[in-house]
Protein chains: 2
Amino acid sequence: MAEPLTETQYRSLARFRHALRRFQRFSEDAARSAGLTPSQHQLLLAVRGFDGPGAPSVTAIGELLQLQLHSAGELVARAASNGLVERRTDPADGRRTLVHLTADGTAMLEGLSVQHRDELRRFRREMNDVLRELD
Amino acid sequence: MAEPLTETQYRSLARFRHALRRFQRFSEDAARSAGLTPSQHQLLLAVRGFDGPGAPSVTAIGELLQLQLHSAGELVARAASNGLVERRTDPADGRRTLVHLTADGTAMLEGLSVQHRDELRRFRREMNDVLRELD
DNA sequence: CGCCATTACATCGTACTACGATCTATTCGT
DNA sequence: ACGAATAGATCGTAGTACGATGTAATGGCG
């Protein structure tokens with residue numbers, strides 16, 4: 001167990017990271033071109049694609065974005081002051097703050113998402129090719 | 001063209017980001033547990049898995065990690081002062097600095113790479129499931 | 001073969017973002 | 001009803017990538 005990697009596997013790992021970095025660069029550039037920070041873009045997507053019932057709490061956003069609670073809170077605060085999201089205290093639990101998209105946030109996200117759908121289809125193929133050599 | 005996304009597609013994008021964030025969190029935690037910064041870990045992998053002939057230049061590292069040249073230079077400098085890599089002026093072109101792994105750097109990378117190989121196999125499956133709904 | 005544009009890298013100051021530590025408010029268990 | 005736990009908010013800090021700028025080495029071209 002824990003066998004060392006072959007040269008091919010090291011290259012496979014490195015190529016995967018390269019592809020990942022390029023995807024992230026694409027995504028960051030696209031977000032900034034649309035006038036958003038990359039973090040705020042991902043926040044909008046996390047809210048829009050939220051799985052559970054109703055709107056996500058700040059804690060839920062922290063889990064989705066893998067951020068500490070207070071980092072998630074700061075991100076939501078910045079997005080709110082940019083008019084992208086709206087905070088509403090959960091009527092069922094006064095400790096919770098639920099995050100909703102504004103019309104602006106929804107519109108900004110839509111254009112970006114179309115671009116990302118295309119880019120992700122490309123990335124998916126590339127990643128499958130690269131990671132095939134991992135076995 | 002540029003058709004709006006379905007609800008399922010938004011969820012697919014959001015789930016992909018969630019999986020990606022968790023992979024990156026795993027990777028960052030693993031690197032830090034091994035005493036490396038996440039950036040330095042990725043630098044080691046880029047050098048170890050370098051495709052071209054010989055060792056990569058700082059410029060090549062910038063491209064692989066999608067960093068500006070000077071950011072790549074700073075990263076290499078930090079890693080060098082930590083004894084992970086070694087800089088050698090290219091004998092064939094005095095402007096170039098080629099980056100080599102030290103024994104220390106090679107050893108640190110090996111343990112991390114074993115963990116990442118396993119985690120990436122998991123991630124690959126998850127990503128295929130999630131992105132299947134993108135079509 | 002000598003000059004200058006180009007390439008490759010280094011240095012310095014700045015900004016963004018995530019985090020640790022700490023504080024407040026609300027809810028829950030008993 | 002009261003202490004413990006949960007959910008957020010706030011403040012200061014650190015790491016990292018970047019822009020702007022400076023320096024050294026190379027290569028093309030007359």
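Everything numeric in this text was worked out from a predicted model, so none of it was measured. To find a chain, count down the sequence lines: A is the first, B the second, and so on, and within it residues start at 1.
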Exercise: do [X] and [Y] side chains pair donor with acceptor under 3.5 Å:
| X | Y | result |
| --- | --- | --- |
| A/His18 | B/Glu63 | yes |
| A/Ser27 | B/Arg17 | yes |
| A/Gln9 | B/Arg117 | yes |

Could you tell me from which nucleotide to which nucleotide of DNA chain D, 5' to 3', there is an atom under 4.0 Å from chain B heavy atoms? D/dT16 to D/dT26
Return the [atom1] to [atom2] distance between [X] and [Y], rounded to the nearest 0.5 Å.
| X | Y | atom1 | atom2 | value |
| --- | --- | --- | --- | --- |
| B/Phe50 | B/Leu98 | CZ | CG | 9.0 Å |
| B/Met108 | B/Asn82 | CE | CG | 8.5 Å |
| B/His116 | B/Leu45 | NE2 | CG | 8.5 Å |

Which whole-number value in Å describes the distance from [X] [atom1] to [N] [atom2]?
| X | N | atom1 | atom2 | value |
| --- | --- | --- | --- | --- |
| A/Leu43 | C/dA18 | CG | C1' | 15 Å |
| A/Gln40 | C/dC16 | CD | C1' | 11 Å |
| B/Asp29 | C/dA18 | CG | P | 15 Å |
| A/Leu69 | C/dA25 | CG | C1' | 14 Å |

Base, sugar-phosphate, or nothing: which does [X] touch, judged by heavy atoms less than 4.0 Å apart?
| X | result |
| --- | --- |
| A/Arg32 | nothing |
| A/Ser71 | base |
| A/Arg25 | sugar-phosphate |

Could you check A/Ala92 against B/His70 and say which one's nearest nucleotide on DNA chain C is further toward the 5' end? B/His70
Apply salt bridge (charged side-chain N to carboxylate O under 4.0 Å, His left out) to B/Arg21 and B/Glu28, showing your working. CA-CA 10 Å; B/Arg21 289 268 194 172; B/Glu28 290 169 18; over 6 Å; no
Does some side-chain heavy atom of A/Val114 sit less than 4.5 Å from a side-chain heavy atom of A/Glu119? no
With the side chain of B/Arg95 defined as its heavy atoms from C-beta on, choose the nearest nucleotide among C/dT17, C/dA8, C/dC9.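 Looking only at side-chain atoms, B/Arg95 lies closest to C/dA8.
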Ring centres under 6.0 angstrom apart (A/Phe16, B/Phe23): yes
For A/Leu43 and A/Ala79, which heavy atoms make the closest approach, and how far apart are they? CD2-CB, 3.5 Å
Specify the residues of residues 45-68 of chain A, ordered by number, for which at least one heavy atom lies under 4.0 angstrom from an atom of DNA chain D. A/Ser57, A/Val58, A/Thr59
Answer yes or no: does a side-chain N or O of A/Arg96 lie under 4.0 Å from OP1 or OP2 of C/dT26? no
Any side-chain N or O of B/Arg78 less than 4.0 Å from the OP1 or OP2 oxygen of C/dA10?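 Indeed not, no polar side-chain atom of B/Arg78 lies that close.
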Would B/Asp51 and A/Arg15 satisfy salt bridge (charged side-chain N to carboxylate O under 4.0 Å, His left out), going step by step from the backbone distance to the final call? CA-CA 9 Å; B/Asp51 209 328; A/Arg15 284 189 185 141; 2.9 Å; yes
Which residue, A/Ala77 or A/Asp93, contacts DNA chain D at a nucleotide closer to its 5' end, judged by nearest heavy atom?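 Result: A/Asp93.
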Counting only distance, no hydrogens or angles, is the base of C/dC19 paired donor-acceptor with the side chain of A/Glu74 under 3.5 Å? yes
Kindly calculate the angle separating the two end axes of the helix from C/dC1-D/dG30 to C/dT30-D/dA1, each obtained from five base pairs, and round it to 10 degrees.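 Helix axis angle between the two ends: 30°.
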Could you walk me through whether B/Arg88 and B/Glu86 satisfy the salt bridge (charged side-chain N to carboxylate O under 4.0 Å, His left out) test, starting with their C-alpha distance in whole Å, then the side-chain angles of each, then the deciding distance to 0.1 Å, before giving a yes or no? CA-CA 7 Å; B/Arg88 300 183 203 153; B/Glu86 215 177 55; 3.0 Å; yes
